[in-house]
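Following: one structure in C-alpha coordinates, then a few remarks.
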Amino acid sequence: MKVRHLLWVLLFLTAATFLLLSLLPWLPPLTYDMWKFRLVSAEWGSWCLGLALLVSAVIGLACVRCKSRRLTLALGIMLASVLLFCLPLCEIWQLAQSLKVPLSATKFFAGEVGPDKTIKDVVYAGDLTLDVHLPGVSQWDKSLPAVVVIHGGGWNHGAKSDFYKFDRWLTCNGFAVFDINYRLAGPQSRFPAQRDDVIAAVKWVQQHASEYGADGTKIALLGRSAGAQLALLAAYFLASPAGAHAVAVSPVRAVVAFYGPTDLIWGYDNVMQPDVINARFLLENYLGGSPASAEAAYKSASPLLSVSKLCAPTLLLHGKRDHLVGFHHTELLKAALDQSGVPAEVLALPTADHAFDYNFNGWNSQIEQEVVRRFLSKYLVGNGSDPKRSSAGLEQTEANR
(Lines give C-alpha, C1' and ligand atoms only; values in the text may rest on other atoms or scores of the structure.)
Protein backbone atom coordinates (compact mmCIF):
# COMPACT_ATOMS: atom_id res chain seq x y z
CA MET A 1 0.00 0.00 0.00
CA LYS A 2 2.83 2.38 0.80
CA VAL A 3 4.42 1.79 -2.60
CA ARG A 4 1.10 2.39 -4.34
CA HIS A 5 0.57 5.58 -2.32
CA LEU A 6 4.03 6.87 -3.22
CA LEU A 7 3.38 6.10 -6.87
CA TRP A 8 0.14 8.07 -6.75
CA VAL A 9 1.86 11.04 -5.10
CA LEU A 10 4.64 10.97 -7.72
CA LEU A 11 2.22 10.81 -10.64
CA PHE A 12 0.03 13.55 -9.17
CA LEU A 13 3.02 15.87 -8.65
CA THR A 14 4.19 15.13 -12.18
CA ALA A 15 0.75 15.97 -13.56
CA ALA A 16 0.59 19.18 -11.53
CA THR A 17 4.03 20.21 -12.80
CA PHE A 18 3.02 19.74 -16.42
CA LEU A 19 -0.20 21.66 -15.81
CA LEU A 20 1.78 24.56 -14.36
CA LEU A 21 4.16 24.55 -17.34
CA SER A 22 1.26 24.54 -19.78
CA LEU A 23 -0.40 27.44 -17.96
CA LEU A 24 2.70 29.68 -17.92
CA PRO A 25 2.30 31.05 -21.48
CA TRP A 26 -1.23 32.14 -20.60
CA LEU A 27 -0.30 33.98 -17.39
CA PRO A 28 1.31 37.43 -17.03
CA PRO A 29 4.82 37.15 -15.60
CA LEU A 30 5.16 38.51 -12.06
CA THR A 31 8.98 38.53 -12.04
CA TYR A 32 11.77 38.51 -14.60
CA ASP A 33 12.57 34.89 -13.74
CA MET A 34 8.94 33.95 -14.25
CA TRP A 35 9.06 35.65 -17.64
CA LYS A 36 12.07 33.50 -18.60
CA PHE A 37 10.26 30.31 -17.55
CA ARG A 38 7.23 31.53 -19.48
CA LEU A 39 9.35 32.02 -22.60
CA VAL A 40 10.85 28.55 -22.30
CA SER A 41 7.42 26.98 -21.83
CA ALA A 42 6.00 28.82 -24.84
CA GLU A 43 8.85 28.32 -27.31
CA TRP A 44 10.00 24.84 -26.24
CA GLY A 45 6.48 23.65 -25.39
CA SER A 46 6.48 20.90 -28.00
CA TRP A 47 9.14 19.07 -26.02
CA CYS A 48 6.87 19.33 -22.96
CA LEU A 49 3.92 18.19 -25.06
CA GLY A 50 5.76 15.05 -26.11
CA LEU A 51 6.66 14.23 -22.53
CA ALA A 52 3.12 15.02 -21.38
CA LEU A 53 1.69 12.56 -23.92
CA LEU A 54 4.13 9.90 -22.75
CA VAL A 55 3.26 10.44 -19.08
CA SER A 56 -0.46 10.46 -19.95
CA ALA A 57 -0.06 7.08 -21.62
CA VAL A 58 1.69 5.68 -18.54
CA ILE A 59 -1.00 7.00 -16.20
CA GLY A 60 -3.71 5.75 -18.54
CA LEU A 61 -2.29 2.23 -18.43
CA ALA A 62 -2.07 2.45 -14.64
CA CYS A 63 -5.73 3.51 -14.51
CA VAL A 64 -6.76 0.47 -16.56
CA ARG A 65 -4.84 -1.89 -14.31
CA CYS A 66 -5.58 -0.34 -10.91
CA LYS A 67 -8.97 1.27 -11.54
CA SER A 68 -8.02 4.07 -9.16
CA ARG A 69 -10.03 7.28 -8.97
CA ARG A 70 -6.95 9.15 -7.84
CA LEU A 71 -5.04 8.03 -10.91
CA THR A 72 -8.02 9.08 -13.02
CA LEU A 73 -7.69 12.58 -11.50
CA ALA A 74 -3.98 12.66 -12.36
CA LEU A 75 -4.81 11.56 -15.91
CA GLY A 76 -7.39 14.33 -16.20
CA ILE A 77 -4.81 16.90 -15.11
CA MET A 78 -2.32 15.57 -17.66
CA LEU A 79 -4.87 15.70 -20.47
CA ALA A 80 -5.70 19.30 -19.53
CA SER A 81 -2.01 20.19 -19.82
CA VAL A 82 -1.82 18.42 -23.20
CA LEU A 83 -4.74 20.54 -24.42
CA LEU A 84 -3.12 23.76 -23.19
CA PHE A 85 0.15 22.85 -24.93
CA CYS A 86 -1.76 22.13 -28.16
CA LEU A 87 -3.79 25.34 -28.36
CA PRO A 88 -0.85 27.65 -29.23
CA LEU A 89 0.35 25.13 -31.80
CA CYS A 90 -3.00 25.41 -33.57
CA GLU A 91 -2.63 29.20 -33.81
CA ILE A 92 0.92 28.88 -35.09
CA TRP A 93 -0.12 26.28 -37.69
CA GLN A 94 -2.95 28.54 -38.93
CA LEU A 95 -0.55 31.47 -39.31
CA ALA A 96 1.97 29.31 -41.17
CA GLN A 97 -0.75 28.09 -43.51
CA SER A 98 -1.92 31.65 -44.25
CA LEU A 99 1.67 32.70 -45.07
CA LYS A 100 2.44 29.49 -46.98
CA VAL A 101 5.39 28.78 -44.70
CA PRO A 102 6.25 25.09 -44.25
CA LEU A 103 6.91 24.01 -40.67
CA SER A 104 9.49 21.30 -40.03
CA ALA A 105 9.32 19.00 -37.00
CA THR A 106 12.76 17.72 -37.93
CA LYS A 107 14.17 21.22 -37.64
CA PHE A 108 12.33 21.87 -34.37
CA PHE A 109 13.70 18.81 -32.63
CA ALA A 110 17.07 18.36 -34.33
CA GLY A 111 17.68 21.26 -36.71
CA GLU A 112 21.04 22.93 -37.14
CA VAL A 113 22.42 25.53 -39.52
CA GLY A 114 25.47 24.97 -41.65
CA PRO A 115 28.96 26.25 -40.90
CA ASP A 116 30.07 29.73 -41.77
CA LYS A 117 33.31 31.64 -41.89
CA THR A 118 33.54 33.99 -38.90
CA ILE A 119 36.05 36.79 -38.44
CA LYS A 120 35.79 38.07 -34.88
CA ASP A 121 36.52 41.43 -33.28
CA VAL A 122 37.13 43.57 -36.35
CA VAL A 123 37.56 47.20 -35.27
CA TYR A 124 35.21 49.59 -37.07
CA ALA A 125 35.50 52.76 -34.94
CA GLY A 126 37.69 53.55 -31.94
CA ASP A 127 37.52 50.49 -29.69
CA LEU A 128 34.21 49.29 -31.13
CA THR A 129 34.25 45.94 -32.87
CA LEU A 130 32.09 43.73 -35.05
CA ASP A 131 32.03 40.11 -36.12
CA VAL A 132 31.90 39.25 -39.81
CA HIS A 133 29.95 36.13 -40.76
CA LEU A 134 30.39 34.86 -44.30
CA PRO A 135 29.04 31.81 -46.14
CA GLY A 136 30.97 28.61 -45.66
CA VAL A 137 31.50 28.22 -49.41
CA SER A 138 34.21 29.89 -51.41
CA GLN A 139 32.57 30.75 -54.73
CA TRP A 140 29.63 33.07 -55.34
CA ASP A 141 28.29 34.52 -58.55
CA LYS A 142 28.52 38.12 -57.34
CA SER A 143 29.14 40.25 -54.28
CA LEU A 144 26.97 39.37 -51.31
CA PRO A 145 24.30 41.73 -50.01
CA ALA A 146 25.15 42.79 -46.45
CA VAL A 147 23.13 42.77 -43.24
CA VAL A 148 24.30 44.85 -40.28
CA VAL A 149 22.96 43.23 -37.09
CA ILE A 150 22.42 45.23 -33.88
CA HIS A 151 21.98 43.39 -30.59
CA GLY A 152 19.39 44.15 -27.92
CA GLY A 153 19.66 44.29 -24.15
CA GLY A 154 17.88 47.41 -22.95
CA TRP A 155 20.71 49.58 -24.39
CA ASN A 156 22.85 48.82 -21.31
CA HIS A 157 23.92 45.22 -21.86
CA GLY A 158 24.18 42.58 -24.57
CA ALA A 159 26.90 41.92 -27.11
CA LYS A 160 27.51 41.23 -30.78
CA SER A 161 26.66 37.81 -32.20
CA ASP A 162 24.37 36.97 -29.29
CA PHE A 163 22.05 35.37 -31.87
CA TYR A 164 24.91 33.70 -33.73
CA LYS A 165 22.72 30.91 -35.11
CA PHE A 166 20.59 33.50 -36.88
CA ASP A 167 23.74 35.12 -38.28
CA ARG A 168 24.81 31.73 -39.61
CA TRP A 169 21.34 31.19 -41.05
CA LEU A 170 21.65 34.49 -42.93
CA THR A 171 24.98 33.45 -44.39
CA CYS A 172 23.47 30.13 -45.51
CA ASN A 173 20.91 32.18 -47.40
CA GLY A 174 23.47 34.25 -49.26
CA PHE A 175 24.10 37.29 -47.07
CA ALA A 176 27.24 38.70 -45.51
CA VAL A 177 26.59 39.58 -41.87
CA PHE A 178 28.29 42.31 -39.85
CA ASP A 179 27.19 41.90 -36.22
CA ILE A 180 28.24 44.94 -34.19
CA ASN A 181 28.92 46.13 -30.68
CA TYR A 182 28.00 49.68 -29.72
CA ARG A 183 28.56 51.85 -26.68
CA LEU A 184 26.30 50.65 -23.90
CA ALA A 185 24.12 53.29 -22.27
CA GLY A 186 25.26 54.90 -19.05
CA PRO A 187 26.40 58.24 -17.61
CA GLN A 188 29.30 58.39 -20.07
CA SER A 189 27.37 57.33 -23.18
CA ARG A 190 23.84 58.61 -23.46
CA PHE A 191 21.84 58.83 -26.66
CA PRO A 192 22.69 59.60 -29.49
CA ALA A 193 25.99 57.74 -28.96
CA GLN A 194 24.42 54.36 -29.75
CA ARG A 195 22.71 55.60 -32.93
CA ASP A 196 25.95 57.24 -34.04
CA ASP A 197 27.81 53.96 -33.51
CA VAL A 198 25.36 52.15 -35.78
CA ILE A 199 25.84 54.83 -38.44
CA ALA A 200 29.61 54.52 -38.09
CA ALA A 201 29.28 50.77 -38.60
CA VAL A 202 27.20 51.31 -41.75
CA LYS A 203 29.82 53.71 -43.07
CA TRP A 204 32.58 51.19 -42.31
CA VAL A 205 30.70 48.39 -44.08
CA GLN A 206 30.13 50.60 -47.12
CA GLN A 207 33.87 51.30 -47.29
CA HIS A 208 35.17 47.79 -46.52
CA ALA A 209 32.44 45.46 -47.82
CA SER A 210 34.42 44.46 -50.93
CA GLU A 211 37.23 43.14 -48.72
CA TYR A 212 34.80 40.47 -47.49
CA GLY A 213 33.13 39.75 -50.80
CA ALA A 214 30.12 41.93 -49.96
CA ASP A 215 28.36 44.72 -51.85
CA GLY A 216 28.54 48.03 -49.98
CA THR A 217 25.62 49.40 -51.99
CA LYS A 218 23.25 46.69 -50.75
CA ILE A 219 22.96 47.00 -46.98
CA ALA A 220 20.09 46.25 -44.62
CA LEU A 221 19.91 46.90 -40.88
CA LEU A 222 18.48 44.26 -38.56
CA GLY A 223 17.99 44.62 -34.81
CA ARG A 224 16.24 43.08 -31.85
CA SER A 225 14.49 44.93 -29.01
CA ALA A 226 16.71 47.93 -28.16
CA GLY A 227 18.73 47.02 -31.25
CA ALA A 228 15.53 47.22 -33.31
CA GLN A 229 14.97 50.78 -32.10
CA LEU A 230 18.54 51.63 -33.11
CA ALA A 231 18.20 49.91 -36.49
CA LEU A 232 15.00 51.80 -37.29
CA LEU A 233 16.35 55.09 -36.04
CA ALA A 234 19.64 54.84 -37.94
CA ALA A 235 17.92 53.72 -41.14
CA TYR A 236 15.39 56.55 -41.01
CA PHE A 237 18.02 59.11 -40.04
CA LEU A 238 20.21 58.13 -42.99
CA ALA A 239 17.21 58.42 -45.31
CA SER A 240 16.60 62.02 -44.30
CA PRO A 241 18.41 64.79 -46.20
CA ALA A 242 19.80 66.21 -42.97
CA GLY A 243 21.10 62.84 -41.80
CA ALA A 244 22.70 61.84 -45.10
CA HIS A 245 24.36 65.26 -45.40
CA ALA A 246 25.59 65.27 -41.81
CA VAL A 247 27.35 61.90 -41.88
CA ALA A 248 28.03 61.44 -45.61
CA VAL A 249 26.66 57.89 -45.56
CA SER A 250 24.33 56.47 -48.19
CA PRO A 251 20.88 55.28 -47.07
CA VAL A 252 20.36 51.59 -46.37
CA ARG A 253 18.02 49.61 -48.59
CA ALA A 254 15.88 47.94 -45.91
CA VAL A 255 15.44 47.58 -42.17
CA VAL A 256 14.19 44.63 -40.11
CA ALA A 257 13.03 45.20 -36.53
CA PHE A 258 12.24 42.46 -34.03
CA TYR A 259 9.94 43.54 -31.17
CA GLY A 260 11.38 47.04 -30.87
CA PRO A 261 10.11 50.16 -29.05
CA THR A 262 9.13 52.87 -31.54
CA ASP A 263 7.56 55.68 -29.47
CA LEU A 264 9.68 56.14 -26.35
CA ILE A 265 7.46 58.73 -24.70
CA TRP A 266 4.43 56.48 -25.09
CA GLY A 267 6.54 53.58 -23.89
CA TYR A 268 7.59 55.46 -20.77
CA ASP A 269 4.00 56.38 -19.95
CA ASN A 270 2.63 52.91 -20.77
CA VAL A 271 5.09 50.36 -19.44
CA MET A 272 3.95 46.77 -19.50
CA GLN A 273 2.46 45.57 -16.22
CA PRO A 274 3.90 44.00 -14.25
CA ASP A 275 7.11 45.78 -15.23
CA VAL A 276 9.60 42.96 -14.79
CA ILE A 277 12.54 44.77 -16.46
CA ASN A 278 12.14 48.22 -14.86
CA ALA A 279 11.55 49.78 -18.27
CA ARG A 280 11.52 53.36 -17.04
CA PHE A 281 14.99 52.97 -15.55
CA LEU A 282 16.27 51.60 -18.87
CA LEU A 283 14.83 54.57 -20.76
CA GLU A 284 16.17 57.10 -18.27
CA ASN A 285 19.60 55.45 -18.33
CA TYR A 286 19.59 55.58 -22.13
CA LEU A 287 18.18 59.07 -22.64
CA GLY A 288 19.41 60.89 -19.54
CA GLY A 289 16.13 61.41 -17.72
CA SER A 290 12.36 61.18 -17.93
CA PRO A 291 10.29 62.65 -20.77
CA ALA A 292 9.68 65.67 -18.54
CA SER A 293 13.40 66.40 -18.15
CA ALA A 294 14.73 65.03 -21.47
CA GLU A 295 11.86 65.50 -23.89
CA ALA A 296 14.08 66.36 -26.86
CA ALA A 297 16.06 63.15 -26.45
CA TYR A 298 12.90 61.04 -26.26
CA LYS A 299 11.55 62.60 -29.43
CA SER A 300 14.85 62.29 -31.32
CA ALA A 301 15.19 58.66 -30.26
CA SER A 302 11.67 57.63 -31.32
CA PRO A 303 11.61 56.01 -34.78
CA LEU A 304 7.92 56.86 -34.98
CA LEU A 305 8.75 60.58 -35.08
CA SER A 306 11.42 60.06 -37.76
CA VAL A 307 9.08 58.61 -40.36
CA SER A 308 9.01 60.26 -43.76
CA LYS A 309 8.27 59.16 -47.29
CA LEU A 310 12.03 58.63 -47.76
CA CYS A 311 12.30 55.87 -45.16
CA ALA A 312 13.66 52.48 -46.12
CA PRO A 313 11.24 49.56 -46.61
CA THR A 314 10.55 48.15 -43.17
CA LEU A 315 9.74 44.73 -41.77
CA LEU A 316 8.35 44.65 -38.22
CA LEU A 317 8.19 41.34 -36.32
CA HIS A 318 6.44 41.26 -32.96
CA GLY A 319 4.69 38.81 -30.68
CA LYS A 320 1.20 39.72 -29.56
CA ARG A 321 1.98 38.31 -26.11
CA ASP A 322 5.09 40.44 -25.67
CA HIS A 323 5.31 41.36 -21.98
CA LEU A 324 8.43 43.53 -22.25
CA VAL A 325 7.76 45.75 -25.28
CA GLY A 326 4.07 46.04 -26.09
CA PHE A 327 2.81 45.10 -29.55
CA HIS A 328 1.23 48.56 -29.79
CA HIS A 329 4.67 49.97 -30.62
CA THR A 330 4.57 48.06 -33.90
CA GLU A 331 0.98 49.13 -34.58
CA LEU A 332 1.91 52.79 -34.13
CA LEU A 333 4.87 52.62 -36.48
CA LYS A 334 3.05 50.60 -39.13
CA ALA A 335 0.27 53.22 -39.23
CA ALA A 336 2.79 56.04 -39.63
CA LEU A 337 4.68 54.22 -42.39
CA ASP A 338 1.45 53.47 -44.25
CA GLN A 339 0.42 57.11 -44.01
CA SER A 340 3.77 58.17 -45.50
CA GLY A 341 3.59 55.60 -48.29
CA VAL A 342 6.62 53.63 -47.10
CA PRO A 343 6.63 49.91 -47.96
CA ALA A 344 6.07 48.22 -44.60
CA GLU A 345 5.24 44.68 -43.56
CA VAL A 346 4.25 43.31 -40.16
CA LEU A 347 4.56 39.76 -38.90
CA ALA A 348 2.29 39.57 -35.85
CA LEU A 349 2.88 36.29 -34.03
CA PRO A 350 -0.20 35.49 -31.93
CA THR A 351 1.52 33.21 -29.39
CA ALA A 352 4.97 34.81 -29.19
CA ASP A 353 6.55 36.73 -26.32
CA HIS A 354 9.58 39.00 -26.35
CA ALA A 355 12.75 37.27 -27.56
CA PHE A 356 10.74 34.33 -28.91
CA ASP A 357 13.53 33.62 -31.39
CA TYR A 358 15.92 32.51 -28.66
CA ASN A 359 14.64 29.11 -29.74
CA PHE A 360 16.20 29.29 -33.18
CA ASN A 361 14.42 26.12 -34.31
CA GLY A 362 11.06 26.96 -32.74
CA TRP A 363 7.80 27.15 -34.66
CA ASN A 364 7.59 30.95 -34.41
CA SER A 365 11.24 31.23 -35.46
CA GLN A 366 10.63 29.05 -38.51
CA ILE A 367 7.85 31.40 -39.62
CA GLU A 368 9.93 34.48 -38.84
CA GLN A 369 12.95 33.20 -40.78
CA GLU A 370 10.97 32.59 -43.94
CA VAL A 371 9.32 36.02 -43.72
CA VAL A 372 12.72 37.70 -43.21
CA ARG A 373 14.20 35.74 -46.11
CA ARG A 374 11.41 36.82 -48.44
CA PHE A 375 11.65 40.45 -47.33
CA LEU A 376 15.42 40.71 -47.74
CA SER A 377 15.25 38.90 -51.09
CA LYS A 378 12.70 41.44 -52.29
CA TYR A 379 14.22 44.68 -51.06
CA LEU A 380 17.92 43.95 -50.60
CA VAL A 381 18.62 41.55 -53.44
CA GLY A 382 15.96 42.85 -55.80
CA ASN A 383 13.36 41.43 -58.16
CA GLY A 384 11.86 39.31 -55.41
CA SER A 385 14.46 36.59 -55.96
CA ASP A 386 16.97 34.92 -53.69
CA PRO A 387 20.65 35.83 -53.79
CA LYS A 388 22.44 34.28 -56.76
CA ARG A 389 24.42 31.38 -55.38
CA SER A 390 26.93 28.97 -56.74
CA SER A 391 25.59 25.44 -57.01
CA ALA A 392 27.54 24.46 -53.89
CA GLY A 393 26.11 27.35 -51.94
CA LEU A 394 22.58 26.61 -53.08
CA GLU A 395 22.87 22.94 -52.14
CA GLN A 396 24.11 23.87 -48.68
CA THR A 397 21.32 26.38 -48.16
CA GLU A 398 18.59 23.95 -49.19
CA ALA A 399 20.06 21.25 -46.99
CA ASN A 400 19.85 23.45 -43.94
CA ARG A 401 16.30 24.72 -44.33
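In this text the structure is predicted, and so the values were computed from the model without any measurement.
- Nearest approach of Ser300 to Ser306, heavy atoms of both residues: O-OG, 4.4 Å.
- By the 4.5 Å heavy-atom criterion applied to side chains, Leu103 and Phe108 are not counted as neighbours.
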Practice item. Would you check, one step at a time, whether the test side-chain contact (heavy atoms from CB on, under 4.5 Å) holds for Lys165 with Trp169? Key: CA-CA 6 Å; Lys165 285 187 177 181; Trp169 173 83; over 6 Å; no

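- Salt-bridge formation is detected for the pair Arg321/Glu91: a Lys NZ or Arg NE/NH1/NH2 atom is positioned less than 4.0 Å from an Asp or Glu carboxylate oxygen.
- Between Tyr32 and Trp35, the ring planes lie parallel to each other; the angle is under 30°, not in the 30° to 60° tilted range.
- A heavy-atom distance below 4.5 Å is not found between the side chains of Leu315 and Tyr379.
- Listed by first then second residue, pairs satisfying side chain to side chain donor-acceptor pair (under 3.5 Å) with a partner in residues 262-281 read Tyr268-Glu284, not counting sequence neighbours.
- Using a 4.5 Å heavy-atom cutoff, the side chains of Glu368 and Ser365 are in contact.
- The closest donor-acceptor contact from the side chain of Ser98 to the backbone of Leu95 lies under 3.5 Å.
- A donor-acceptor pair under 3.5 Å is absent between the side-chain atoms of Tyr259 and the main chain of Asp353, judged by distance alone.
- Ring-plane geometry between Tyr286 and Phe191 is classed as perpendicular, the angle between the planes exceeding 60 degrees on a 0 to 90 degree scale with a lower cut at 30.
- Interatomic distance, Leu304 CG to Leu232 CG, rounded to the nearest 0.5 Å: 10.5 Å.
- Ring-centre distance between Tyr182 and His151: below the 6.0 Å cut-off.
- Not counting sequence neighbours, the partners of Leu128 by the side chain to side chain contact (heavy atoms under 4.5 Å, CB included) test are Tyr124, Arg183, Asp197.
- Applying the ring pair (Phe, Tyr, Trp, His ring centres under 6.0 Å) rule to pairs touching residues 302-321 yields His318-Phe327, sequence neighbours excluded.
- Shortest non-hydrogen contact noted between Asp215 and Ala209 is C-CB, 4.0 Å.
- Results of the salt bridge (charged side-chain N to carboxylate O under 4.0 Å, His left out) test with Arg224 over Asp162, Asp357, Asp167 single out Asp357 as the only residue that passes.
- No side-chain donor-acceptor contact under 3.5 Å links Arg253 to the backbone of Ile219.
- Partners of Arg190 under the salt bridge (Lys or Arg N to Asp or Glu O under 4.0 Å) rule, at least two apart in sequence or in another chain, do not exist in this structure.
- Residues Ser56 and Leu75 have side chains in contact (heavy-atom distance under 4.5 Å, counting atoms from C-beta outward).
- Counting non-hydrogen atoms of neighbouring residues, nucleotides and ligands closer than 6.0 angstrom, the CD atom of Glu211 exceeds 12 such neighbours.
- When side chains are defined from C-beta on, His354 does not count as touching Leu39, because their heavy atoms never get closer than 4.5 Å.
- Judged by distance alone, the side chains of Asp33 and Thr31 never bring a donor and an acceptor atom under 3.5 Å apart.
- Rounded to the nearest 0.5 Å, atoms CZ (Phe360) and CZ (Phe163) are 11.0 Å apart.
- A 4.5 Å side-chain heavy-atom check between Asn364 and Glu43 finds at least one atom pair inside the cut-off.
- Between Leu283 and Trp155, the closest side-chain pair of non-hydrogen atoms falls below 4.5 Å.
- Checked options Val177, Asp179, Ile180; the residue passing with Val148 is Ile180 (criterion: side-chain contact (heavy atoms from CB on, under 4.5 Å)).
- Sorted by first and then second residue, the side chain to side chain donor-acceptor pair (under 3.5 Å) pairs involving residues 18-30 (not counting sequence neighbours) form an empty list.
- Qualifying salt bridge (Lys or Arg N to Asp or Glu O under 4.0 Å) partners for Lys334, counting only residues two or more places apart in sequence or in other chains: Asp338.
- A heavy-atom distance below 4.5 Å is not found between the side chains of Asn173 and Leu376.
- When the shell of 6.0 Å around OH of Tyr164 is examined, it contains 12 or fewer heavy atoms from other residues, nucleotides or ligands.
- If you check the side chains of Asp131 and Thr118, you find no donor sitting under 3.5 Å from an acceptor.
- Listed here is the closest heavy atom pair of Ser46 and Trp363: OG-NE1, 2.7 Å.
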